Amino acid sequence: MAANFWTSSHYKQLLDPEDVDVVHQMDKDRGITLEDFKLIKLHMANYIARLAQHVKVRQRVVATAITYMRRVYVRRSMTDCDPRLVAPTCLYLASKAEESTVQARLLVFYIKKLYSDEKFRYEIKEILEMEMKVLEALNYYLVVFHPYRALSHSEIVMIDLIIFHYFSICCIQSNGSLKMMIFFYYSTVVLNRGLVNDTYKMDLILIHPPHLIALACIYIASAQMDKENTAWFEELRVDMNVVKNIAMEILDFYDNHKLITDDKVNAAMMKLAR
Amino acid sequence: MAEVDQFLSKKVADRYLKREVLGEGTYGVVYKAIDTKTGQTVAIKKIRLGKQKEGVNFTALREIKLLKELKDPNIIELTEAFPHKGNLHLVFEFMETDLEAVIRDRNIVLSPADIKSYIHMTLKGLAFCHRKWVLHRDMKPNNLLIGPNGQLKLADFGLARLFGSPDRRFTHQVFARWYRAPELLFGAKQYGSGVDVWAAACIFAELLLRRPFLQGNSDIDQLGKIFAAFGTPKPSQWPDLVHLPDYVEYQYVPAQPMRTLFPMASDDTLDLLSKMFTYDPKARISAQQALEHRYFSSIPLATEPALLPRPPPKRESVNSKVPDFNPGDGPTVLSPPRKQRRVMPHREGFDLNAQQMDEHGNENRQTAAGEKSGQAPMSLDFSVFGMRPPTRPTMNSADKSHLKRKLDLEFQLPEED
């Protein structure tokens, strides 16, 4: 059925970690290390999420915006495209692409309200110019799949197409034990939601298919809740090694995240001149 | 190429040799160009960014987003996008004409096999979109473009969007009225691929009748026309009907037999048509199921696209400085033009007609072929009554203001530079 993810541009564009973790030469010249690079992207993901709270857009738009931002820095250097401009531009573009447009002037208004730092202040004109550059860097591919889903009414209603795909695999594989799975889902859904949001603090969305990221989140959540789920996972036609690796990566990130201080972030941001 | 070069004023992005303007859309100009890399003719849409302060046009962005995902022989190909002098340019494969031009050209005889071929390609393109979870939402004959080999392709994805999130509410103000499904006319906000199938059925009927099938002049009248043909829906036919937001009860009218509506059509044709015109969207046949219907496997088999009748080549454009690159081509109806303000290359000799159209209070959206048939503009049915065929409605201004509220940006009037 919903085989669309496998023919989508998103799937075709998935990258190897080695291709994502590349600091552009121009950025290296400014002393930006791989750690700084990741830190700045994390900081910008948080910036996008913060801005999005004020302009009130759906979580999906935030996820798409962060994905755009991360994709931009696979192709462009931070010297070339200032993250402090790219971040709001990606949110602006994602809001249009996800059909819940936010006006550029509203973004500019909130940026000024949130940040007193001159370096964050950009005008509408600059956002619109950057929009064109971002589009080019994305090679005009705008459809992004996310590991979100929603359950409502008595039937399954998927916010995201990929989850539909994932569910159809489940249904085929587990001979209709759908009700059990829905129960399982309900019990972990709240916890998952936070987990899924956190995956955007990493480059996972550039590297792995979203349903595997979702599964990794379920894996972690169910482990934390001490649910016995080996059989459930075994019934899925997915490579559990990949899922476990993603889960490990997420857990590693949580460990490292504790060590991130404002000072480290500021030091990395300082290397970006304007 | 040297011969051509001397006529050329501009090269765009070092690759495309700009030729004549083909038309003007809601968000920019469409012009013909030669791709110097491949020698092929292309259509380039230049998207005005202007002073709107809202960056890349929302409609254009939708089209880019979806067409980048949709690569199929029956869907218009977006080959490239690039910025140039601050404007975004979209490069499409060049299409010669559209289905509306074919339907309206009275010199063209469409055999049952030809009709089968056109509707087959339409449904194939549509089934592909739906497989990719894309609703087209603006299916009508002049959005079905026809390429040099007779290939029919769906174009104009400016109203299209991803579905597959059933809890999302969409606007029901989509489609030109004559192609709008009954659930949309009753204000449904949650709908699916059935809306495109209904429109495809209208196109199917139009191919058979050679005139638009259900020509309502308001939304209420449109439903009246639908019911006059297929009867007022009974609760057993469409249980969810009474729950639709704009539901109003209509006086009972009985259905006419399909045979009366389409006297010349075969039994298979009528069977497929009635399945596509099913009231309940849940029971309506899908595009994919329609393709599997016996109509397509029964005799006569669909005509090869290359052998399909098409409007004859139109005479050389008066203002064109460049000799036609592909002599023998059909009228240049472009890829994919916005209807409302389509430029008419040979306005001379058509002004009278155009004026009358304006008096009609409708937007003038004749295609090149439509103009040509200025010598004999009426379809058979209308000539019987001594009437001119009413101009096709696109979205009316009320619809637009509604959409504008919905989309905020979409129908802002472009500021004149």
Side-chain angles (χ1 to χ4, degrees), chain A residues 1-5 7-13 58 60 64 89 92-106 108 123-125 127-136 138-145 148-153 155-165, chain B residues 13 47 49-72 78-91 128-135 159-171 190 288 404 406-410 412:
Chain A
M1 200 162 161
N4 53 334
F5 175 72
T7 54
S8 69
S9 61
H10 183 156
Y11 178 63
K12 288 173 195 153
Q13 288 184 96
R58 290 176 294 146
R60 203 196 150 81
T64 299
T89 306
Y92 174 64
L93 183 61
S95 76
K96 282 202 245 180
E98 298 288 356
E99 311 260 350
S100 45
T101 304
V102 172
Q103 293 188 348
R105 58 176 176 81
L106 201 64
V108 170
E123 297 301 325
I124 296 176
K125 187 171 168 283
I127 290 183
L128 299 186
E129 278 168 14
M130 183 49 83
E131 182 187 30
M132 203 74 106
K133 270 180 138 178
V134 167
L135 272 170
E136 230 186 330
L138 297 173
N139 196 16
Y140 304 91
Y141 287 114
L142 300 172
V143 176
V144 183
F145 294 81
Y148 291 108
R149 82 216 154 277
L151 301 169
S152 67
H153 313 301
E155 48 187 337
I156 314 162
V157 178
M158 259 59 65
I159 267 191
D160 212 284
L161 310 177
I162 187 58
I163 302 302
F164 196 87
H165 175 75
Chain B
I47 296 162
L49 295 178
K51 299 159 192 157
Q52 294 203 32
K53 297 236 169 179
E54 281 307 336
V56 177
N57 179 288
F58 189 82
T59 310
L61 201 70
R62 266 188 176 157
E63 193 157 30
I64 296 168
K65 176 179 104 178
L66 296 173
L67 286 178
K68 285 290 274 187
E69 304 290 324
L70 297 170
K71 300 288 174 201
D72 184 79
L78 172 66
T79 50
E80 208 198 343
F82 60 88
H84 181 66
K85 291 186 184 166
N87 289 312
L88 190 58
H89 291 66
L90 305 184
V91 185
F128 182 80
C129 288
H130 294 169
R131 242 188 344 267
K132 294 279 201 159
W133 300 90
V134 172
L135 293 183
L159 276 180
R161 63 169 298 169
L162 285 164
F163 67 112
S165 348
D167 58 335
R168 293 279 297 149
R169 296 163 79 80
F170 298 157
T171 171
Q190 291 169 281
Q288 185 55 43
K404 193 184 161 187
K406 290 261 170 200
L407 306 174
D408 207 19
L409 301 174
E410 185 141 31
Q412 278 181 12

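Nothing here was measured: the structure is a model prediction, and the numbers come from that model. Residue numbers begin at 1 in each chain, while the letters A, B, ... track the order of the sequences.
- One finds the CG atom of B/L67 at 11.5 Å from the CG atom of A/L142 (value rounded to the nearest 0.5 Å).
- Atom OG1 in A/T101 sits 8.5 Å away from atom CG in B/L61 (nearest 0.5 Å).
- Across B/V56 and A/K96, no two heavy atoms sit closer than the pair O-NZ, 2.6 Å.
- Nearest heavy-atom pair across B/P83 and A/Y140 is CD-OH, 3.4 Å.
- Using a 4.5 Å heavy-atom threshold, the side chains of A/Y141 and B/E69 count as touching.
- Annotation for A/M132 and B/N87: closest pair CE-C, 3.8 Å, computed over non-hydrogen atoms.
- The shortest non-hydrogen separation linking B/K65 to A/V143 is CG-CG2, 3.5 Å.
- With sequence neighbours left out, the salt bridge (charged side-chain N to carboxylate O under 4.0 Å, His left out) criterion links B/K71 to no other residue.
- One distance of note links CZ of B/F58 with CD of A/E99; it measures 4.5 Å at 0.5 Å rounding.
- Proximity to chain B involves both the backbone and the side chain of A/L93, based on heavy atoms less than 4.5 angstrom apart.
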